[in-house]
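This report concerns only the one structure given below.
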Amino acid sequence: MAGLTFGAHGLTYRYPKAPNDALRDVSLQIGEGELVGLVGPNGSGKTTLLRLFLGLLRPISGRAVADGRATSEWSRREFAQRVGVVAQREEPAFPLRVRQAVTFGRYPHLGQIGRLSPYDREVVDRAMHQCDVTALRDRWVGTLSGGEWQRVRIARALAQEPGALVLDEPTASLDIRHEMEVLELVSDLVRERGMSGIIVTHHINLAARFVDRLVLMHRGAMRAAGSPRAVITPELIEEVFEWPVDVHPWRSAPQFIPLRTQERNTQG
Ligand code: ADP
Ligand code: MG
């Protein structure tokens, strides 16, 4: 499955009746085999940018394109064949078993009759295995812990065999092992299968070690974008998150440590 390229050209958006733009003039390209980390404080416009990318909102100005075509022009089915999405919030809606929930990821690919082929079943099993939910296959989704449900949702997105992954805080409720496994998996998929990926996360230090580029949002605008080294600087992090930090080089990516009040004026 070939990767999908995403582009945002001068995207501006304001929610109905809102006093300010949620997003202002944001441009961003994501190519095949590229993983981008989208970071920034609460309310800085990350989810809004993803919704525009996905064609769920229509920009006031600018264009969001996927494979060169405006995302708002794609049919939902067509889009679901190419883009796997894990939205920020989703409660288990129907009484479904885990395996059925993951199988939903195949639906955009099924014909009129909706019958699963052996290949479809194989893809579902592989996705469940990759997200470590095979042992949960017969559980009702309503009985899962937050982290388990999150992994099921990621498995469902992988079952789509998408060309791109759009993930909004996918590891927010995961423990360390499962968070690392998700990040390793996503970065492997992007690099080995040439998928494109965009991942929103507050775990910036971790993301810095997996992504090609970080995009730092601030009050609806893109404040900085580039390599983790270019974005994780004391000046930028302190300005955007309004909290002092120390930045330390660590192997492949810089890591920052938020400072306690009493640590601010002493040299580390
Ligand atoms: P983030 O994902 O970075 O936390 P969002 O993109 O969700 O930020 O929100 C950006 C801004 O848009 C915030 O000020 C938020 O309150 C506002 N916003 C988000 N969703 C809506 C909505 N449905 N209606 C009105 N305002 C919204
Ligand atoms: Mg959000």
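Whatever order the structure lists them in is the order used to number ligands and atoms, beginning at 1. Here the structure is a predicted model, which is why all the values come from computation and not from measurement.
Contact atoms of ligand 1 toward Asn42: 4 (O) (distance under 4.0 Å to a heavy atom of the residue). Atoms of ligand 1 found under 4.0 Å from any heavy atom of Ser44 (numbered from 1 in listed order, with element): 1 (P), 3 (O), 8 (O). Atoms of ligand 1 found under 4.0 Å from any heavy atom of Thr48, numbered from 1 in the order shown, are 5 (P), 6 (O), 9 (O), 10 (C). For ligand 1, the atoms lying closer than 4.0 Å to a non-hydrogen atom of Pro41 are 3 (O). In the vicinity of Gly45, heavy-atom distances shorter than 4.0 Å reach the ligand 1 atoms 1 (P), 3 (O), 6 (O), 8 (O), 10 (C). Distances below 4.0 Å separate heavy atoms of Ala22 from the following atoms of ligand 1: 11 (C), 12 (O).
Around atom NE2 of His129, no more than 12 heavy atoms belonging to other residues, nucleotides or ligands sit under 6.0 Å away.
Annotation: atom 10 (C) of ligand 1 to nearest protein heavy atom, Gly43 O, 3.4 Å. Regarding atom 3 (O) of ligand 1, its nearest protein heavy-atom neighbour is Lys46 NZ, 2.8 Å. Ranking the protein heavy atoms by distance from atom 22 (C) of ligand 1 puts Tyr15 CD2, 3.4 Å first.
The existence of a salt bridge linking Arg219 and Glu242 is confirmed by a sub-4.0 Å separation between a basic side-chain nitrogen and an acidic carboxylate oxygen. Between Arg191 and Asp212, at least one side-chain N (NZ, or NE/NH1/NH2) sits under 4.0 Å from a carboxylate O, which counts as a salt bridge.
Taking a distance limit of 4.0 Å, we find that atom 16 (O) of ligand 1 is approached by no protein heavy atom.
Among the backbone and side-chain atoms of Thr48, none of the N, O or S atoms lies under 2.8 Å from the Mg ion (ligand 2). Backbone or side-chain N, O or S atoms of Thr47 reach the Mg ion (ligand 2) at under 2.8 Å.
The closest donor-acceptor contact from the side chain of Arg156 to the backbone of Gly105 lies at 3.5 Å or more, if one exists at all. Looking at Lys46, its side chain never comes within 3.5 Å of a backbone N or O of Ile199 through a donor-acceptor pair.
The structure places OG1 of Thr171 at 5.5 Å from NE2 of His203, a figure rounded to the nearest 0.5 Å. Interatomic distance, CG of Leu11 versus OG of Ser61, reported as 8.0 Å (0.5 Å rounding).
Criterion: ILVMFWY side-chain heavy atoms under 4.5 Å apart, direct or through other members. Under it, Leu165 and Val211 are part of a common hydrophobic cluster.
Ring geometry for Trp74 versus Phe79: interplanar angle over 60°, hence perpendicular rather than tilted (30 to 60°).
Here the shortest heavy-atom distance to atom 2 (O) of ligand 1, taken over Leu49, Val200, Thr47, Leu23, belongs to Thr47.
When heavy-atom distances to ligand 1 are checked against a 4.0 Å cut-off, Arg51 comes that close only through its side chain, counted from C-beta outward.
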